[in-house]
Every structure is written in structure tokens, then in C-alpha cells.
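Worksheet: one structure, shown below.
Computed from a predicted model, the values in this text were never measured in an experiment. These values consider heavy atoms only, across backbone and side chains, with no hydrogens, waters or symmetry-generated copies. Position 1 is the first residue of the sequence, and the numbers go up from there.
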Amino acid sequence: MHEQPLVPDDLTPARARALFRSAELSRPTSGMCTGYVQANLAFLPSDVADDFEAMCRLNEQPLPLIERLPAGEYSPRVSATDADLRTDLGGFMVYDGHSWAKVPDLLEHWRDDLVAFVIGCSFSAERALLDAGVQLRHVAAGGEVPIYRTNQDLKSTGELRGRLVVSMRAIHNSQVETAAEVTAQYPMAHGGPVWIGPGGDIDCRDGQSPDWGVELPVTDEETPVYWACGVTPQTIIEDSGISGAMVHLPGHMFITDIRDETVRGVGPTDWRARHAS
């Protein structure tokens with residue numbers, strides 16, 4: 001596993017975003033700015049944006065929507081201030097209808113028809129897990145987790161379809177119940193696990209040969225635990241053939257100004273009501 005650059009424990013979200021924007025920092029964000037909500041990003045052409053939002057509402061566990069921006073805008077209003085979604089994280093992926101290209105930022109790829117979606121991330125619950133005494137071996141090992149495209153279809157809408165994506169964490173056998181209970185309190189961070197134990201039935205390989213992220217072999221003292229993952233929009237884009245769509249680089253999240261305690265016990269429906277314009 002690649003050694004990641006060290007970051008100070010007191011790094012603020014605003015400072016982290018500035019470091020990403022200036023390319024002084026480029027690394028996965030697991031373990032960074034603990035106590036703040038991290039988010040996945042998806043950028044969809046405006047002609048499919050309403051259908052994508054509808055998919056978020058139909059599939060709230062993998063797609064807990066924090067914020068949707070108007071077409072062409074890239075400065076969030078709810079999740080952060082003085083931020084630029086085109087630059088303020090460690091990398092992006094651009095889809096041409098056939099394959100993905102990794103790019104450092106979206107400045108040269110931005111279009112006025114793009115609609116930005118800010119979606120919750122399970123990294124946001126990691127401080128609560130650590131506070132509860134749950135060991136997270138991937139944090140000490142570099143921050144990345146194995147991510148798998150499952151065989152579970154999402155609820156579709158319009159012309160959009162896709163499959164559930166999950167992230168796996170190797171949890172000590174004695175701490176699995178605690179991990180499930182703690183994360184269930186954070187619906188805006190994907191909530192509790194969608195699968196506990198060997199993942200063969202959902203087409204996952206228990207830390208080996210991930211579709212994204214890095215391998216994290218599970219020991220005899222650990223159980224593979226799978227949470228819904230914000231890479232799910234990538235399967236929607238691929239399966240629906242949305243050329244020109246863009247997403248964050250898996251594992252490289254947008255760090256928001258939202259404190260994680262403010263989303264504890266809050267689901268997407270309550271969040272929408274709280275932030276209705």
C-alpha cells in the first residue's frame with residue numbers, strides 16, 4: 001500500500017480544500033478532518049439531473065443527497081463556503097461514454113450544463129466508530145478501502161439505472177455489532193451495513209481484487225463488513241451511458257464544513273426539509 005503524505009491533526013476543512021486546490025496535497029481523505037462530513041461528488045448534464053435526483057430519493061442509502069446546485073454552478077451553498085467543487089479534492093473522473101479518464105481537476109472540463117450533486121460518504125462516520133473503540137485498520141494503512149460493484153440493482157427512474165456499490169472494512173469480530181449500531185445513527189453517511197460476512201452472494205471478494213480502492217485482506221480475527229458507497233453514481237453513469245458526466249476520484253472526497261454531530265440521526269428526508277429553499 002502506498003504511503004500517504006502526513007497531514008496535521010488540526011487541519012481544518014477550509015485549509016484542506018485550499019491545499020487540494022493548489023495541488024499541494026493529493027491523497028485519499030479517510031481519517032482527514034475528523035469530525036466533519038465528507039462527501040462524494042457527481043456532475044450530470046442538466047437533461048438527466050432531475051432523474052438523477054429522483055434516483056437519490058429512491059435509493060437513499062447509497063445516495064444520501066446533501067445538496068444539488070443549479071446548472072453551471074460549482075460553489076456550494078449548504079455544504080461549505082468559499083469552496084470550488086471543480087478543484088477542492090484530490091482528483092476526478094470524466095466519462096466519455098465508453099471509458100473513464102482520471103484528471104486532477106475539472107477546470108478544463110467544466111460546462112455550463114453540468115449539475116453538481118453533493119452526496120454523503122461513510123468516511124463521515126469514522127470518527128464515531130473510532131470514538132466507540134472500533135478498530136479501523138485501513139486508516140492506519142493509508143486511508144483507502146476496497147470498493148466493489150455488486151450484483152444488486154438500484155431502483156431505477158426515467159432512463160437511468162445502475163447497481164449498488166459498497167465499500168468494505170475489516171472489523172474485529174468482537175466489534176461488528178458496535179460498528180453496525182454506530183453507523184446506523186448516520187443515515188447521511190450511508191447508515192448501517194448492507195451486508196455483514198463473506199460477500200460472495202453480492203459479488204464481493206472480502207478485501208481481495210476490489211473494483212476500486214485497494215486490497216485489504218481480512219484476517220481470521222476480522223469480519224468483512226460492507227457499507228453502501230458513494231461510488232454508486234459511477235455505475236449509474238456507465239449503465240445509463242451518460243457521456244460527459246463526471247465524478248470524484250474514489251476515496252478522494254470533498255471535505256465539507258458540516259460537523260458530523262449535526263447529521264447524527266438525520267435522514268435524507270429530514271435533511272431536505274431542514275435545507276429547503
Item to check | Within 6.0 angstrom of Glu73 CD, more than 12 heavy atoms from elsewhere | outcome: yes
Item to check | Heavy-atom closest contact (Thr256 atom, Ser79 atom, distance) | outcome: CB-O, 3.1 Å
Item to check | Donor-acceptor contact below 3.5 Å, side chain Asn40 vs main chain Gly120 | outcome: yes
Item to check | Heavy-atom side-chain proximity of Val145 to Val214 below 4.5 angstrom | outcome: no
Next on the checklist: Does Ser167 form a side chain to side chain contact (heavy atoms under 4.5 Å, CB included) with Ser122? I'd like the steps, not just the answer.
Outcome noted: CA-CA 9 Å; Ser167 61; Ser122 59; 3.9 Å; yes
Item to check | Salt-bridge contact Glu261-Arg127 (side-chain N to carboxylate O under 4.0 Å) | outcome: yes
Item to check | Side chain proximity check, His172 to Glu221, heavy atoms < 4.5 angstrom | outcome: yes
Item to check | Axial cation check for Tyr36 ring with Arg259, 6.0 Å and 45° limits | outcome: yes
Next on the checklist: What I want to check is whether the side chains of Ser22 and Glu24 have a donor and an acceptor closer together than 3.5 Å.
Outcome noted: yes
Next on the checklist: Atom CD of residue position Glu108 - does it have more than 12 heavy atoms of other residues, nucleotides or ligands inside 6.0 Å?
Outcome noted: no
Checklist outcome for this item: In terms of heavy-atom contacts, Gly230 and Pro233 come closest through O-CD, 2.9 Å
Checklist entry - Do you see a donor-acceptor pair shorter than 3.5 Å between the side chains of Glu144 and Trp212? => result no
Item to check | Ser46 versus Ala71, closest heavy-atom pair with distance | outcome: CB-CB, 4.5 Å
Checklist entry - Is the Phe123 ring parallel, tilted or perpendicular to the His138 ring (thresholds 30°, 60°)? => result parallel
Next on the checklist: Going by side-chain contact (heavy atoms from CB on, under 4.5 Å), Arg17 matches just one of Asp84, Leu85, Asp82, Asp257. Which one?
Outcome noted: Asp257
Checklist entry - Tyr226 side chain to Asp206 main-chain N or O, any donor-acceptor pair under 3.5 Å? => result yes
Next on the checklist: Rounded to the nearest 0.5 Å, what separates atom CZ in Arg15 from atom CZ in Phe20?
Outcome noted: 11.5 Å
Checklist entry - Nearest 0.5 Å, what's the CZ-OG1 distance between Arg274 and Thr269? => result 12.5 Å
Next on the checklist: Please find the pair of heavy atoms, one from Thr232 and one from Cys229, that lie closest to each other, and give the distance.
Outcome noted: OG1-O, 2.7 Å
Next on the checklist: Assess the residue pair Val166 and Leu164 against the criterion (side chain to side chain contact (heavy atoms under 4.5 Å, CB included)); give the C-alpha distance rounded to whole Å, side-chain angles, the decisive distance to 0.1 Å, and a yes or no.
Outcome noted: CA-CA 7 Å; Val166 295; Leu164 174 68; 3.9 Å; yes
Item to check | salt bridge (Lys or Arg N to Asp or Glu O under 4.0 Å) partner of Asp211, the single match among Arg163, Arg205, Arg149 | outcome: Arg205
Checklist outcome for this item: Value for SG (Cys121) from CG (Leu41), rounded to nearest 0.5 Å, stands at 10.0 Å
Checklist entry - Rounded to the nearest 0.5 Å, how far does OG1 of Thr223 lie from CD of Gln175? => result 10.5 Å
Next on the checklist: Please check this pair: side chain of Asn59 against backbone of Leu154, looking for a donor-acceptor N/O pair closer than 3.5 Å.
Outcome noted: no
Next on the checklist: Can you confirm whether the side chains of Glu238 and Thr235 place a donor and an acceptor under 3.5 Å from each other?
Outcome noted: no
Next on the checklist: Has Glu222 got a side-chain atom pairing as donor or acceptor with Ile171's backbone, closer than 3.5 angstrom?
Outcome noted: no
Next on the checklist: Can you confirm whether more than 12 heavy atoms, excluding those of Arg21, are under 6.0 Å from its CZ atom?
Outcome noted: yes
Checklist entry - Does Val118 reach the side chain of Val78, with side-chain heavy atoms less than 4.5 Å apart? => result no
Item to check | Note: Glu126-Arg169 ion pair, threshold 4.0 Å (strictly below) | outcome: yes
Checklist entry - Hey, does Asp50 have a side-chain heavy atom less than 4.5 Å from the side chain of Arg68? => result yes
Item to check | Test item: His252 side-chain N/O and Arg27 main-chain N/O as donor-acceptor pair under 3.5 Å | outcome: yes
Next on the checklist: Does Phe254 form a side chain to side chain contact (heavy atoms under 4.5 Å, CB included) with Asp88? I'd like the steps, not just the answer.
Outcome noted: CA-CA 7 Å; Phe254 176 68; Asp88 291 4; 4.2 Å; yes
Checklist entry - Under 3.5 Å, side chain of Ser240 to main-chain N/O of Ile237, donor-acceptor pair present? => result no
Item to check | Main-chain N/O of Gln38 paired to Ser124 side chain as donor or acceptor, under 3.5 Å | outcome: yes
Checklist entry - Is any side-chain N of the basic residue among Asp239 and Arg161 closer than 4.0 Å to the acidic one's carboxylate O? => result no
Checklist entry - Is the count of non-hydrogen atoms from other residues, nucleotides or ligands lying under 6.0 Å from Asp112 atom CG greater than 12? => result no
Checklist entry - Would you call Ile66 and Ile258 a side-chain contact if the rule is heavy atoms closer than 4.5 Å? => result yes
Checklist entry - Does a side-chain heavy-atom distance below 4.5 Å link Val115 with Leu69? => result no
Next on the checklist: Nearest 0.5 Å, please: how far is CG in Asp270 from CE in Met188?
Outcome noted: 10.0 Å
Item to check | Whether over 12 other heavy atoms sit under 6.0 Å from Arg111 CZ | outcome: yes
Checklist entry - Any side-chain heavy-atom pair from Pro268 and Leu65 closer than 4.5 angstrom? => result no
Next on the checklist: For Phe52 together with Phe117, are the ring centres under 6.0 Å from each other?
Outcome noted: yes
Checklist outcome for this item: Output for pair (Thr12 OG1, Met32 CE), nearest 0.5 Å, gives 10.0 Å
Checklist outcome for this item: Shortest non-hydrogen pair, Asp96 vs Ser243, comes out as O-OG, 3.2 Å
Checklist entry - If only atom types and distance count, is the side chain of Glu215 paired as donor or acceptor with the main-chain N or O of Gln208 below 3.5 Å? => result no
Checklist entry - Do you know the tightest heavy-atom contact between Pro250 and Met93? => result CD-CG, 4.2 Å
Checklist entry - Going by an N to O cut-off under 4.0 Å, is there a salt bridge joining Glu60 and Lys155? => result no
Checklist entry - Please walk me through it: do Cys204 and Thr150 pass side chain to side chain contact (heavy atoms under 4.5 Å, CB included)? => result CA-CA 6 Å; Cys204 297; Thr150 73; 4.0 Å; yes
Next on the checklist: Can you confirm if the aromatic rings of Trp110 and Phe43 lie within a centre distance of less than 6.0 Å?
Outcome noted: yes
Item to check | Met246 side chain reached by Leu114 side chain, heavy atoms, under 4.5 Å | outcome: yes
Checklist entry - Quick one: does Thr29's side chain have a donor or acceptor within less than 3.5 Å of a partner on Met253's backbone? => result yes
Checklist entry - Counting only N and O atoms by type, is there a donor-acceptor contact under 3.5 Å from the side chain of Thr87 to the main-chain atoms of Asp105? => result no
